[in-house]
Amino acid sequence: FFTVATGFVQFRLLGRSIKEMLGGRKQGDDPHGITPFQAFVTGLASRVGVGNIAGVAIAIKLGGPGAVFWMWMTALLGMSSAFAESSLAQLFKVRDHGNRQFRGGPAYYITHGLRQRWLGTVFALSMILCFGFVFNAIQSNTIIEAVKSAAGCASGSGACEQDWQVYRHALGAVLIIITAPIIFGGIRRVSRISEALVPLMATAYLLMALYVIAMNLDRVPQMFALIFDNAFDFRSAAGGLAGSAAAKAMQLGIKRGLFSNEAGMG
């Protein structure tokens, strides 16, 4: 709906969005303001990492290769819903702290745009729970499991597993010590750290992906065949369960697609 209603905005204005993101400047002399590029990398920080690595891996593991196709579709179409969400956030933001700062986002445009204060409150509480507990748990758990794997401690390996019960809490404490000064420094400190780290992180992610593809170049045609065949594979189930495999691929692909690019979180 958003893609058609905006005249395929994600393709039509892609060049302009890149130009604004790279060349745009902070508005006025607001000490709390950030540049368009800082805003971009702050959002990107949560997507390149757990969303794009662990999220995609889980989708393929549970939904099969076909899940990748639906992640592609979600990303392409999700760009227009993200555009709509960002536009609404700008339209319905309000000034705060003596007109020096803006507050906005989904809770505000639900409250002021739809005039559904109760729904805006429910959304805000849901986001507090989600970002306060769920996302942090996913991020920290993925980091700890990655360190555990790199240390050669396979899951369920007796004494090694017992040692990790202690190590995982120590790693959790280290994560808190590292991230707390950044988070409590507010959006400007978060954006400055993101501005320094995210381009390096994204570049490394892309280079690793290209390396994996280059090392398996002869299998790329087979890879695409698996993705497209499994995306619409109604043959793998029969009788009353017909289509369940394709439904699972769609469900996991769309879920993880939304998680990996924030196309539906406002």
Side-chain angles (χ1 to χ4, degrees), residues 32 34 37-63 67-68 71 105 107 123-213 215 252-253 255-266:
H32 304 284
I34 60 176
F37 181 72
Q38 288 175 329
F40 172 73
V41 292
T42 300
L44 193 64
S46 65
R47 298 194 275 274
V48 179
V50 173
N52 275 355
I53 299 174
V56 172
I58 292 168
I60 295 170
K61 172 72 175 176
L62 298 179
V68 176
M71 282 186 275
F123 185 93
L125 291 173
S126 299
M127 287 293 99
I128 290 169
L129 291 171
C130 182
F131 283 93
F133 299 96
V134 180
F135 276 12
N136 292 340
I138 294 170
Q139 299 273 3
S140 58
N141 181 68
T142 304
I143 291 168
I144 288 168
E145 287 299 319
V147 173
K148 180 179 174 182
S149 176
C153 184
S155 181
S157 58
C160 184
E161 188 71 28
Q162 290 179 357
D163 291 340
W164 268 96
Q165 297 302 319
V166 177
Y167 294 148
R168 70 177 60 196
H169 291 101
L171 282 169
V174 169
L175 286 173
I176 292 170
I177 292 167
I178 292 171
T179 57
I182 301 170
I183 294 166
F184 288 114
I187 186 61
R188 293 199 72 193
R189 188 177 297 170
V190 171
S191 65
R192 284 199 300 268
I193 298 295
S194 297
E195 189 176 28
L197 290 180
V198 171
L200 297 174
M201 185 171 71
T203 302
Y205 172 72
L206 290 171
L207 289 174
M208 285 190 288
L210 289 171
Y211 174 77
V212 171
I213 292 170
M215 290 296 98
L252 269 296
K255 272 185 184 178
R256 296 296 163 178
L258 289 169
F259 179 61
S260 68
N261 62 47
E262 287 187 5
M265 287 191 274

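All residue numbers refer to positions in the sequence shown, counting from 1.
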Seminar exercise, completed: Between Ile183 and Val190, the two heavy atoms sitting closest are CA-CG2, 4.2 Å
Problem set entry | Rounded distance (nearest 0.5 Å) linking atom CG of Leu210 with atom CE of Met215 | 11.0 Å
Exercise. For Met71 and Ala59, which heavy atoms make the closest approach, and how far apart are they?
Worked result: CE-CB, 3.7 Å
Seminar exercise, completed: In terms of heavy-atom contacts, Leu175 and Thr179 come closest through O-OG1, 2.7 Å
Seminar exercise, completed: Output for pair (Gln38 CD, Ile193 CD1), nearest 0.5 Å, gives 11.0 Å
Problem set entry | Heavy-atom side-chain proximity of Ile187 to Thr42 below 4.5 angstrom | yes
Exercise. Atom OG in Ser191, atom CZ in Phe40: separation rounded to 0.5 Å?
Worked result: 14.0 Å
Exercise. Side chain to side chain contact (heavy atoms under 4.5 Å, CB included) with Val174: which of Ile176, Ile178, Ile177?
Worked result: Ile178
For this session: Assess whether side-chain contact (heavy atoms from CB on, under 4.5 Å) is satisfied between Ile60 and Val68, documenting all intermediate values.
Result: CA-CA 7 Å; Ile60 295 170; Val68 176; 3.7 Å; yes
Problem set entry | Nearest atoms (heavy-atom pairs only) where Val41 meets Val198 | O-CG2, 3.5 Å
For this session: Find the distance between CD1 (Ile182) and CZ (Arg192) and round it off to the nearest 0.5 Å.
Result: 11.0 Å
Exercise. Between CE of Met208 and CD1 of Ile213, what distance do you get to the nearest 0.5 Å?
Worked result: 12.5 Å
Seminar exercise, completed: Shortest non-hydrogen pair, Ala107 vs Phe123, comes out as N-CD2, 4.1 Å
Exercise. So, does Ser149 use its side chain to make a donor-acceptor pair with the main chain of Ala146 at under 3.5 Å?
Worked result: no
Exercise. Would you find a donor on one side and an acceptor on the other, under 3.5 Å apart, between the side chain of Arg189 and the backbone of Pro181?
Worked result: yes
